[in-house]
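Computed from heavy atoms alone, side chains included, the values below leave out hydrogens, waters and symmetry copies. Fair warning: this is a prediction, and the values are worked out from it, not measured in the lab.
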Amino acid sequence: MTNETWGQVREELIKRVGKHNYATWIEPLKLSQLKNGVARFEVPTIFFGDWVQRNYGDHIRSQLSSAGAPVDRLEFAVGAAATTPPAAKPAGKPARSRGPDEELPGAPLDARFTFDTFVVGKPNELAHAAARRVAEGGPVTFNPLFLYGGVGLGKTHLMHAIAHELQARHPDRRVLYLSAEQFMYRFVQALRDRQVMDFKELFRSVDVLMVDDVQFIAGKDSTQEEFFHTFNALVDANKQIVISADRAPGEIKDLEERIKSRLQCGLVVDLHPTDYELRLGILQQKVEFYRTQYRGLVLADGVLEFLAHRITTNVRVLEGALTRLFAFASLVGREITLELAQDCLADILRSSDRKLTIEEIQRKVAEHYNVRLSDLIGPKRLRTIARPRQVAMYLAKHLTPRSLPEIGRRFGGRDHTTIMHGVRKIEELMLTDSQLADDLQLLRRLLQG
């Protein structure tokens with residue numbers, strides 16, 4: 001069969017399966033051989049070929065027969081293997097084998113996110129050290145490694161860096177990185193296609209499993225069940241697991257208790273919000289990179305210090321501001337001065353001025369007083385919890401524009417009168433309790449950068 005004939009068959013398949021399905025599953029197929037009633041196709045992955053075989057095999061055979069090329073069997077192989085006929089085997093679904101070179105169905109890794117580009121400071125030094133230890137590939141005393149923190153604090157960067165380092169040091173190891181959402185999608189897909197055993201086989205065959213944003217499986221009962229069993233199987237086989245989330249395991253709502261317990265049995269590390277020194281270090285590193293792209297641009301003294309002080313939201317916003325500043329200065333041909341930065345980044349600076357949230361206040365107060373965030377928000381009335389809770393209410397009232405009813409909702413659905421009482425209580429105690437006054441001053445300074 002000529003490529004022209006295969007092209008005609010593909011046009012008929014568009015009508016049969018629809019444009020979207022055609023573009024996703026048929027267009028990537030490359031006919032490599034048609035001989036003795038067997039049509040062989042080159043496909044991107046084995047998973048891809050299996051999917052086409054199950055869902056579109058009959059359509060393809062029918063259209064090939066209509067074009068004058070009757071076939072008894074379709075075969076799919078990855079890359080160059082598609083041109084090499086296999087040993088004789090029964091007709092039907094191709095044999096599955098999970099060799100070390102099979103492409104894993106993970107998310108792509110960002111080449112920028114390596115240990116070399118990760119700036120280490122006090123807020124993230126423990127997370128960095130733990131990630132480094134896992135990336136060495138040797139035996140570790142903690143499994144899983146659980147990284148958590150707010151948006152833009154470096155969780156995903158460290159996850160990618162671990163994967164890059166492991167692949168460089170141990171290319172024979174099967175390292176699978178994907179988001180919790182992708183894990184859930186593939187499990188649902190396996191249920192729908194009655195391929196749960198294939199799913200189990202794949203995820204239990206890896207040497208290192210890395211799941212990002214695990215909070216997204218909370219409330220999904222079947223996905224949590226499978227995740228739990230996958231987790232146990234890998235730990236029992238001494239395979240390393242790395243997990244990230246936006247909060248600690250015990251604070252993820254609707255996550256099963258047995259999963260929380262399992263996640264807490266390893267090393268749980270909090271990536272704290274960046275401090276001034278770390279933000280300045282990140283900016284200095286980015287400037288060194290930009291100097292190779294924007295040769296001749298002059299950066300005035302004090303600009304980086306100003307940005308590090310004013311933009312405290314997260315690292316992504318900080319880096320985005322510097323990117324915009326260099327691009328703007330290059331386009332208008334001006335020196336990067338403090339005045340230019342204020343004009344060019346006016347919207348970001350305004351946003352940073354009002355960025356403080358009730359959740360950040362709650363987290364910082366809980367950390368300062370060494371109480372669980374869930375207890376701070378919850379119903380417990382112990383003095384050791386009630387006083388920090390009132391401090392958080394006071395700070396939320398004075399450092400955010402939120403109304404009392406809205407603050408009450410963020411504190412476990414409390415009435416606005418409860419918030420008013422808590423605020424007044426702190427205002428009264430500040431006059432006589434010097435330790436409380438010092439605590440409030442320190443917390444204000446930490447929260448306002």
Side-chain angles (χ1 to χ4, degrees), residues 1-109 111 167 171-178 182 185-186 189-190 192-207:
M1 172 180 282
T2 65
N3 285 331
E4 182 180 351
T5 306
W6 170 238
Q8 295 171 359
V9 169
R10 289 176 12 148
E11 288 180 6
E12 289 299 319
L13 287 171
I14 294 178
K15 303 173 186 176
R16 295 272 184 166
V17 305
K19 290 184 179 179
H20 177 73
N21 289 330
Y22 173 84
T24 304
W25 299 108
I26 305 299
E27 193 170 29
L29 298 178
K30 295 181 180 178
L31 180 66
S32 59
Q33 190 177 65
L34 180 60
K35 188 176 180 181
N36 299 327
V38 178
R40 290 178 57 78
F41 293 91
E42 181 181 337
V43 291
T45 66
I46 290 178
F47 170 82
F48 190 101
D50 289 347
W51 177 274
V52 173
Q53 179 78 274
R54 289 192 309 273
N55 294 276
Y56 303 111
D58 290 341
H59 290 301
I60 294 173
R61 282 193 295 271
S62 172
Q63 292 305 316
L64 286 173
S65 297
S66 298
V71 294
D72 302 317
R73 188 170 78 241
L74 303 180
E75 292 181 352
F76 301 91
V78 178
T83 59
T84 304
K89 60 182 179 181
K93 183 177 176 179
R96 297 180 62 82
S97 62
R98 299 202 177 276
D101 295 329
E102 180 182 339
E103 183 179 341
L104 292 171
L109 298 176
Q167 290 176 348
D172 58 319
R173 294 197 184 177
R174 294 167 62 83
V175 180
L176 176 58
Y177 165 83
L178 75 172
Q182 288 171 312
Y185 168 76
R186 293 195 176 279
Q189 192 177 52
R192 185 182 63 202
D193 299 334
R194 299 180 182 180
Q195 283 196 311
V196 174
M197 292 310 298
D198 286 347
F199 176 91
K200 291 177 182 289
E201 177 194 346
L202 171 64
F203 279 87
R204 286 157 175 71
S205 71
V206 302
D207 297 304

Any side-chain to backbone donor/acceptor pair from [X] onto [Y]? Under 3.5 Å, distance only.
X	Y	value
E75	V38	no
S205	L202	yes
D207	V175	no

Between [atom1] of [X] and [atom2] of [Y], what distance do you get to the nearest 0.5 Å?
X	Y	atom1	atom2	answer
Q53	R61	CD	CZ	6.0 Å
R186	Q195	CZ	CD	11.5 Å
L29	E42	CG	CD	10.0 Å
L64	L74	CG	CG	7.0 Å
I14	E27	CD1	CD	7.5 Å
S62	E12	OG	CD	10.0 Å

Give me the ring orientation class for F41 and W6: parallel if the planes are under 30° apart, tilted from 30 to 60°, perpendicular past 60°.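 If you compare the ring of F41 with that of W6, the planes turn out tilted.
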Within the structure provided, determine whether [X] and [Y] are in side-chain contact (heavy-atom separation under 4.5 Å).
X	Y	value
I60	I26	yes
R16	Y22	no
V9	L31	no
V43	V52	no

Take a 6.0 Å sphere around CZ of R192 and say whether it holds more than 12 heavy atoms from other residues, nucleotides or ligands.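 More than 12 within 6.0 Å, yes.
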Start with the C-alpha gap between F203 and L178, add the side-chain angles, then the distance that decides, and say whether side chain to side chain contact (heavy atoms under 4.5 Å, CB included) holds. CA-CA 11 Å; F203 279 87; L178 75 172; 4.0 Å; yes
Atom of P70, atom of S65 and distance for their closest heavy-atom approach: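 It is CA-OG, 3.6 Å.
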